[in-house]
Asks: 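Let me begin by handing over the structure; questions about it come next.
Chain naming here is simple, since letters A, B, ... match the order of the sequence lines and numbering starts at 1 in each.
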Amino acid sequence: MSWTKDQPIVSIKNVHKSFGSLEVLKGVSLDVMKGEVICIIGPSGSGKSTLIRCINALNDIQDGSITVEGQEVHDPNLDQLELRKKVGMVFQQYNLFPHKTALQNIMMAPVLVLKQDKAEVEARARVLIKKVRLEGKEDSYPGELSGGQQQRVAIARSLAMNPDVMLFDEVTAALDPETVKEVLVTIKELAAEGMTCVLVTHEMGFAREVADHIYFTDRGVIVEHGPPATFFDDAKDPRTVEFLGQIL
Amino acid sequence: MKKHIPGITSAAVTDLPVLLSYKAKYRAPQELGFSHWLAGQSLWFPVIILSVALLWPFYALAQGSEYTMADSFDALWRWMPFLLTRGFVFTILISFMTMLVGTVLGILLGLGQLSPTYVVARASWFVTQVFRNSPWLVLLFIVMLSFPFEFTIGDTIIPVPDWMKAVIGLSLPVMANISEIVRGAVNSVPTAQWEASESLAFSRRQTLFRIILPQCFKRMIPPWMNWYAILTMATPIVSILGVEEVLNLTRQAIEAEDNRPELLIPFYGFVLVIFFLYSYPIARFTVRLEKRFSVNL
Ligand SMILES: Nc1ncnc2c1ncn2[C@@H]1O[C@H](COP(=O)(O)OP(=O)(O)OP(=O)(O)O)[C@@H](O)[C@H]1O
Ligand SMILES: [Mg+2]
């Protein structure tokens with residue numbers, strides 16, 4: 001099956017996922033078009049992280065289907081490495097490699113995984129560092145950077161692989177309020193450039209501003225979804241209304 | 001319910017085991033009991049041993065022996081270069097070779113324990129547990145008695161001297177303990193590092209060798225040195241099997257001096273002191289490294 005740009009770049013259909021006897025995803029479906037930014041919001045434990053981790057096969061699924069560019073993610077014959085070259089992921093806890101400098105963190109995967117030329121990768125890494133506004137921090141180790149700086153290195157590290165889709169799992173949740181903004185600005189710029197983004201976030205203002213589509217999950221199902229304006233101002237489902245009432 | 005203000009109230013809570021940041025990954029130090037004990041000893045220890053060694057001849061003299069303190073010191077003085085250059089140097093050599101063999105095998109076995117292939121992991125775990133929990137002397141005897149004294153490959157006969165068997169025998173428990181050090185160190189790296197690496201399309205092998213092991217390499221050094229100190233202290237047991245290391249030669253020296261009982265304490269006291277003087281700095285260094293590595297990377 002060949003994938004064309006008028007088809008969803010990520011397509012999730014009726015996905016079921018359990019950890020042992022605990023069913024965390026109970027039939028979730030959503031589509032993401034190329035260049036689209038979608039935000040997944042919902043109460044803690046509703047399965048948001050689990051869902052986006054399924055997209056790059058960090059979690060397996062029990063039932064349903066997830067395709068990325070037309071390729072079935074949970075096909076046992078799938079080359080997982082090929083999938084992960086296309087899908088970048090940024091975590092809440094940054095997870096930079098502590099024994100490498102910021103620049104090395106960004107360069108490692110393109111050099112070792114994609115086998116690209118080191119000089120060329122370094123040039124690109126320096127451009128990325130500039131893009132996330134961290135000039136001068138190239139040779140700093142993660143331990144010497146603030147949370148917000150580390151998170152921006154983590155974003156640059158993912159971007160260095162030239163992914164087609166970026167997954168963000170509550171990437172500002174561990175940050176100080178002052179540093180949240182710098183990371184959000186970076187993501188906004190990325191979205192503006194047309195990167196396909198799937199974001200799990202608790203930043204409602206940001207979600208409203210940046211998202212093309214909002215999905216609200218609760219207890220493993222998508223309760224309600226829609227464009228930000230409709231979603232935030234005109235929510236129908238009582239669970240959504242209650243959640244938004246608590247948060248806004 | 002508390003009102004949630006994005007970016008102000010703390011991150012949402014799950015009952016998931018929290019993925020801690022890399023700073024939090026340092027666990028309680030691996031067991032360095034022996035090094036801690038040894039490093040905690042005062043340098044008076046050799047002084048006390050030596051004084052006992054000096055006082056013993058006085059005591060013996062008081063018992064009506066005609067052998068004086070000067071005589072016994074004279075004997076020790078004469079034998080000392082021999083005991084050091086032949087005996088103790090050989091002891092050190094055995095400990096080095098044992099450590100080398102044990103480390104190489106231990107790393108392989110430790111990586112085996114981490115293998116994604118169930119059978120390999122299970123078998124490596126089993127071998128590790130067996131050799132970690134067997135008495136060293138029993139392992140030594142098994143190797144001594146089951147290994148041939150020579151190998152024949154084609155026309156060449158390769159002899160296997162006793163000391164080589166001793167090295168193999170001693171390296172088995174060392175191997176098993178190094179295997180545990182490797183497994184423990186790798187497991188102390190948070191799984192988040194594995195996931196970050198996997199999500200960048202690193203293969204499992206690349207993740208292990210490029211991301212995980214370089215992070216925990218330093219953490220393996222103090223426990224590794226701890227095992228070296230333990231091993232060094234244990235090498236005299238190979239004297240039972242006739243290997244001519246320091247303890248064996250000391251016994252031979254006393255025999256050559258007509259087995260005078262006045263010599264027992266000075267000679268064996270001397271052996272004790274050189275073991276202490278050799279291992280003590282290693283233990284101090286181990287403890288220092290441990291402190292340093294547990295603070296930052
Ligand atoms: N590896 C796992 N093993 C067992 N249970 C898990 C595992 N990962 C997640 N869960 C459970 O799955 C449920 C959903 O977790 P998930 O992390 O997806 O929630 P979330 O919506 O991301 O929450 P939060 O907003 O707090 O991050 C939780 O009840 C969690 O305890
Ligand atoms: Mg989550």
Asks: May I ask you to check whether over 12 heavy atoms, not counting those of B:Y278, lie within 6.0 Å of atom OH?
Replies: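 More than 12 heavy atoms, drawn from other residues, nucleotides or ligands, come within 6.0 Å of this atom.
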Asks: Taking atom NZ of A:K181 as the centre, report whether more than 12 heavy atoms of other residues, nucleotides or ligands fall under 6.0 Å from it.
Replies: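 Result for NZ/A:K181: open.
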Asks: What's the separation between atom OG in B:S199 and atom CZ in A:R157, rounded to the nearest 0.5 Å?
Replies: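 Separation between the atoms: 7.0 Å.
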Asks: Quick check: under 4.5 Å, non-hydrogen atoms only, which of residues 73-85 of chain A neighbour chain B?
Replies: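 Residues in range: A:L81, A:R84, A:K85.
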Asks: Where on B:Q206 is there a heavy atom nearer than 4.5 Å to chain A: the side chain, the backbone, both, or neither?
Replies: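 Looking at B:Q206, just its side chain touches chain A.
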Asks: Do you know which of A:T179, A:V113, A:L114 has the most heavy-atom pairs under 4.5 Å to chain B?
Replies: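 Result: the option with the highest number of such pairs is A:V113.
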Asks: Looking only at heavy atoms, which two atoms of A:F97 and B:S197 are closest? And how far apart?
Replies: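 Heavy atoms only, the tightest pair is CZ-CA, 4.0 Å.
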Asks: Assess whether atom CZ of A:R124 is packed by more than 12 heavy atoms of other residues, nucleotides or ligands within 6.0 Å.
Replies: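 For A:R124, atom CZ is crowded (more than 12 foreign heavy atoms under 6.0 Å).
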Asks: More than 12 heavy atoms of other residues, nucleotides or ligands under 6.0 Å from CZ of B:R204: is that the case?
Replies: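 Atom CZ in B:R204 is crowded, with more than 12 foreign heavy atoms closer than 6.0 Å.
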Asks: Does A:R219, at its CZ atom, have more than 12 non-hydrogen atoms belonging to other residues, nucleotides or ligands within less than 6.0 Å?
Replies: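 Open: at most 12 neighbouring heavy atoms sit under 6.0 Å from CZ of A:R219.
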Asks: Nearest 0.5 angstrom please: B:L200 CG to A:M89 CE, how far?
Replies: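 One finds 11.0 Å between CG of B:L200 and CE of A:M89.
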Asks: Of all of A:V90, A:N56, A:L58, A:L112, which one pairs up most often with chain B through heavy atoms under 4.5 Å apart?
Replies: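 Of A:V90, A:N56, A:L58, A:L112, A:L112 has the most heavy-atom pairs under 4.5 Å with chain B.
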Asks: Is the number of heavy atoms from other residues, nucleotides or ligands within 6.0 Å of CZ (A:F19) greater than 12?
Replies: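 Atom CZ in A:F19 is packed in, count exceeds 12.
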Asks: Grab the two heavy atoms, one from B:R210 and one from A:M108, that are nearest each other, plus how far apart they are.
Replies: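 So the minimum-distance heavy-atom pair works out to O-CE, 3.7 Å.
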Asks: Atom CD of B:Q193 and atom NE2 of A:H99: how far apart are they, to the nearest 0.5 Å?
Replies: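 The CD atom of B:Q193 sits 8.0 Å away from the NE2 atom of A:H99.
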